[in-house]
Amino acid sequence: MNKEVTKQVIKTREHPVKGTWSEHPDVRVVFVMDADEHPPLHCEDSRMKYDHSKKLSGTSADIEQLYRAVPQLANLFRIKGKIGEGTFSSVYLAIAQLPGGHEEKVALKHLIPTNHPVRIAAEIQCLIIAGGQDNVMGVRYCFRKNDHVVIVMPYLENESFLDILNSLSFEEVRDYMFNLFKALKRIHYFGIVHRDVKPSNFLYNRQMKRYALVDFGLAQGTPDTKIELLKVIQSEAQQEGPESLHVQRSVFGERNFNVRSSASQGNSKLIKQPRVTDIAARKLLAKKTTSAVTNGLVKKTASSYPTNMTCDCYGKDRVCSVCLSRCQQVAQRAGTPGFRAPEVLTKFPNQTTAIDMWSAGIIFLSLLSGRYPFYKASDDLTALAQIMTIRGSRETIQAAKTFGKSILCSKNIPAQDLRMLCERLRGSKTSFDISTGDGQINLSQEPPLQAEIFNISEPALQTSKKHLQYQKPNCHERDGLVIRTSEKPADLEWDKVPDEAYDLLDKLLDLNPATRITAKDALLHPFFKNIKQ
Ligand code: ADP
Ligand code: MG
Ligand code: ZN
C-alpha cells in the first residue's frame, strides 16, 4: 500500500468562498493518494459483491457516487456501508486491502465538497498532529480528487450512547470520563478547542474498553495553538465574521433530515433567511460604523440601529425587522446547543478550552442521571434557561457578569443539588419532574421563563433580543419515539455514588470558564483515585 502513496501538498482555495483550489501557503503536507496513475483494479469486483448482497438503496447509490468521485479509493478499499452521516460529511466502513492479502477495517470520512478548504485541511492537521494517541483518533491517509476529500482513519466499532446509557456500571462511567479527559488533555495541550464534544464524537467500544475522540470539523485554536491551520482559521474568521467558517449542529448531528421545526440546525430556508440577513446586516454595519475588530469581537457604536422603533415580535413565532436589524456581537458560536457552555450561549468572544470541559460535564450529567440528551434546546436563550433550572438563575447571572454579560430573567430559579437531581432522574420511571423541596412540580406546566442577554457596556434597548418559551430540560425521545433504555445493572454501585463524582460534576459545570476545572486537573481529581491507567 505504501508504495502507492505519494506525498502531495493538499491544495486549498485561496479565497474562502469562490475560486478553484490553489496552493495555500499555510497548508502543511498531508498524504494524498496519487489520483490518476492507478487504474481501479478491484473496482468492478468489489462493487459487484456489494450489489449482490443489497438492493441499490440510498447508501449504495452514495457509495457508487463516492467511487466515481474519488476513483483511486477502489484500488484499496471495499466500502461496506455507511456508518455516519452529518451535515458536513458521510462516514463509511471499508475494508482496506493490504499487501500480502491482509485486510483491515477503516473508516472513510467523505467531506462534503462545499466545506471550506482551510477548514478541511485544519481538521486533517488536528488528526495528524494530536491524533493517534491518548484516545484521540488518528489518520492513515487522505485522498483528494478535485474538491472531494476523504480521510482514512482506523475503524473503531462503537456503541450508541443512548442504547447503553442505562446499562453502564458506575465503574464503566468512571472509566469513560477518565478516558474522555485523557483525550481532552491531549488536544488542549496542542491548543485545540474541539467545540463539539458530545457522545457521538467520542467513540466508545465497551467490550474492548477503547475510546476515540473524533471530528475536528469545528475545532478552533487557542491564541498559542500548535496547529498552524487553526491560526489561519482564526484570522479568516476575524476578517469574515465567524459564521463564514462555522455552522451549528444538532444534538443528533449524525442523522439529521427532519429538522424544519428546529431553529438551531440552519438547514431550512425558512430559518436560514434571518441568519443571512443578520450576517449581511452585520457586515454593512461593520463598514458604516467605526468598528474596531479585536479578538473576533466587533465593537459597535451606539448609532448602529434605530432606537425609536420598538420590537413587535414578542411571543410570536417570527423575528421582527427591528430585531433582525440589531447588530449581534460577533463571537464564535458552533457546536451542539445542548452541550454549549454559558459563555458560548452568551457569545463571550474569548472562548477557551474550558468550553470543552463544560460539554464533558453535560456528558457526565447524562451518565449520572441516565438521561440523554440532557438538554435539548433549539436556541441559545432556551439553552441558557435550561442551564439556569439546574445551576440557578442568580448563579448564572452572577457568572455571566464576570465575563461582561448581563442576563435578564423573568423569575428566580434556585440551583439544584446535583446528587439529588441525578438520583431522582436515575430512579424515576415516568416523565421528567423536578421537585423543589416537598412538592413535585412538572416544569411543562410552569409559566414560560423568559430571559434576555445584553452586554453590560451597552444599553439593554440596543441589544440582540429574543423571547423564549421554556422547554422541558430533558426530552427522552428520538424521531418521535420516547426512549426508555434498558434497566440499570443489577450491581449496587449506583446506590453509593461517592461525593467525589458530584464534586467533579460541579467543577465541570462551573458557570465561570475562568475557574472551571481543566482536563489535566480533572484527571487528578479524587474521583479517579485508584483508577487503572
Ligand atoms: P461529522 O463531522 O459529520 O459529525 P464525524 O467525524 O463525527 O463526522 O463522524 C460521524 C460519525 O461516523 C461518528 O459519530 C461515528 O459514528 C462515525 N465514525 C467517525 N469516525 C469513525 C471511526 N474512525 N471509526 C468508527 N466510526 C467512526
Ligand atoms: Mg460528529
Ligand atoms: Zn422583535
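When a ligand or atom number is given, it counts from 1 through the structure's own listing order.
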F528 and F181 aromatic ring geometry - parallel, tilted or perpendicular at 30°/60° bounds:
perpendicular
Whether N201 has an N, O or S atom under 2.8 Å from the Mg ion (ligand 2)
yes
Of all the atoms in ligand 1, which lie at a distance below 4.0 Å from a heavy atom belonging to M153?
20 (N), 23 (N)
Using a 4.0 Å cutoff against the non-hydrogen atoms of N158, which atoms of ligand 1 qualify?
25 (C), 26 (N)
Just which atoms of ligand 1 are under 4.0 Å from any heavy atom in S89?
1 (P), 2 (O), 3 (O), 8 (O)
Tell me whether S200 has any N or O atom under 3.5 angstrom from an N or O of ligand 1.
yes
Considering all heavy atoms of both residues, which atom of K82 and which atom of S90 are nearest to each other, and what is their separation?
NZ-OG, 3.8 Å
Could you label the plane-to-plane angle of the Y372 and F339 rings as parallel, tilted or perpendicular, counting under 30° as parallel and over 60° as perpendicular?
tilted
Pair F178 + Y211: ring centers closer than 6.0 Å:
no
Is any N or O atom of V214, backbone or side chain, closer than 3.5 Å to an N or O atom of ligand 1?
no
Any heavy atom of N201 under 4.0 Å from ligand 1? The part involved is side chain
Between D134 and K185 (salt bridge meaning N to carboxylate O under 4.0 Å), is one present in this structure?
no
Quick check: does any side chain N or O of K226 sit under 3.5 Å from a backbone N or O of Y189, one acting as donor and the other as acceptor?
yes
Tell me whether ligand 1 is touched by S90 - counting only heavy atoms on the residue side and a distance under 4.0 Å.
no
Per-atom filter on ligand 1: closer than 4.0 angstrom to a heavy atom of Y155 are 24 (N), 25 (C)
Report the relative orientation of the aromatic rings in F403 and F348; use parallel for angles under 30°, tilted for 30 to 60°, perpendicular for over 60°.
tilted
Atom indices of ligand 1 within 4.0 angstrom of P154 heavy atoms, with elements:
22 (C), 23 (N), 24 (N)
Any nitrogen or oxygen of E157, main chain or side chain, under 3.5 Å from a nitrogen or oxygen of ligand 1?
no
Would you kindly specify which portion of V91 sits under 4.0 Å from ligand 1, judged on non-hydrogen atoms: side chain, backbone, both or neither?
side chain
By number and element, which atoms of ligand 1 are closer than 4.0 Å to a non-hydrogen atom of A107?
21 (C), 22 (C), 23 (N), 24 (N)
Contact atoms of ligand 1, heavy-atom distance to M137 under 4.0 Å
22 (C), 23 (N)
With rounding to the nearest 0.5 Å, note down the distance linking CE in M357 to NE2 in H188.
7.0 Å
With heavy-atom distances below 4.5 Å as the criterion, would you say the side chains of D62 and L66 are in contact?
no
Examine L203 against ligand 1 and note whether any of their N/O atoms are separated by less than 3.5 Å.
no
Which N, O or S atom of D215 lies nearest to the Mg ion (ligand 2), by name
OD2
Work out which heavy atom in N201 is nearest to a heavy atom in D196; give both atom names and the distance.
ND2-O, 2.8 Å
Tell me, do L345 and I387 make a side-chain contact under 4.5 Å, heavy atoms counted?
yes
Of the listed options K82, R140, K109, closest to atom 8 (O) of ligand 1 (non-hydrogen atoms):
K109
